[in-house]
Amino acid sequence: MTITMSNNRKMLFTAAGVLAVGFVAFGVGQVYPPFGPSSGTVAPAQRYVSSQVGDADVTLGDTSVPELMQTDAFDLMVHDANFRAAVRDPSFAVLARNPQALTAMAA
């Protein structure tokens, strides 16, 4: 019979220990976290918002080169191997410096 008494006592002490831990946890839960405003609460982010870019905000400089690059003639010149070889020739650079010569060739 002493064996059952020791098992009953172990169970009683274990149950008392579990209840004591439960009461302590409940008591700490009532005290912490403190009531009232908490520092560190999550709030929505305030992101930077600026106005959209308008036509008056952008100023364009000389657009003649981009306009030339969008023509069919430029596309033909770029893809023509003979024209590319002629442009590499040093005499073409001298000719390109003379606007009247280029006008005469274009005509």
Side-chain angles (χ1 to χ4, degrees):
M1 187 137 191
T2 52
I3 295 175
T4 55
M5 288 286 267
S6 68
N7 282 340
N8 285 340
R9 281 188 179 171
K10 285 182 184 178
M11 225 166 29
L12 184 66
F13 285 129
T14 303
V18 168
L19 285 175
V21 169
F23 281 123
V24 169
F26 179 75
V28 169
Q30 292 296 318
V31 176
Y32 188 83
F35 295 113
S38 298
S39 63
T41 57
V42 178
Q46 296 177 354
R47 292 179 176 86
Y48 174 74
V49 178
S50 67
S51 61
Q52 295 293 320
V53 177
D55 291 337
D57 297 332
V58 179
T59 56
L60 299 176
D62 183 21
T63 60
S64 60
V65 173
E67 287 174 1
L68 171 69
M69 292 175 72
Q70 293 175 7
T71 62
D72 292 333
F74 181 80
D75 189 49
L76 289 173
M77 289 187 291
V78 169
H79 292 99
D80 186 16
N82 294 329
F83 180 77
R84 285 185 287 173
V87 171
R88 288 191 198 107
D89 189 8
S91 60
F92 182 81
V94 173
L95 183 65
R97 289 189 193 116
N98 188 352
Q100 288 96 7
L102 288 177
T103 305
M105 284 179 53

Show which side-chain atoms of residues 69-77 pair as donor or acceptor with protein atoms under 3.5 Å away, not counting sequence neighbours.
unit_1: Thr71; atom_1: OG1; unit_2: Leu68; atom_2: O; d: 2.7
unit_1: Thr71; atom_1: OG1; unit_2: Phe74; atom_2: N; d: 3.3
unit_1: Asp75; atom_1: OD1; unit_2: His79; atom_2: ND1; d: 3.1

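- Listed by chain and residue number, nothing satisfies the side chain to side chain donor-acceptor pair (under 3.5 Å) test with Thr59 (two or more places apart in sequence, or in another chain).
- Val87 and Val78 end up in the same hydrophobic cluster when Ile, Leu, Val, Met, Phe, Trp and Tyr side chains are linked at under 4.5 Å.
- Within the model, atoms CG of Asn7 and CG of Leu12 stand 12.5 Å from one another, a figure rounded to the nearest 0.5 Å.
- Cluster annotation: Val53 is not connected to Val49 through the hydrophobic network of ILVMFWY side chains, with a link wherever side-chain heavy atoms come within less than 4.5 Å.
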message: Between Val58 and Leu60, is the side-chain contact (heavy atoms from CB on, under 4.5 Å) condition met? List the steps.
response: CA-CA 7 Å; Val58 179; Leu60 299 176; 4.3 Å; yes
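- The shortest heavy-atom contact between Gln52 and Asp57 is O-OD2, 4.0 Å.
- Following chains of ILVMFWY side-chain contacts shorter than 4.5 Å, one can reach Val65 starting from Phe83, so the two form part of one hydrophobic cluster.
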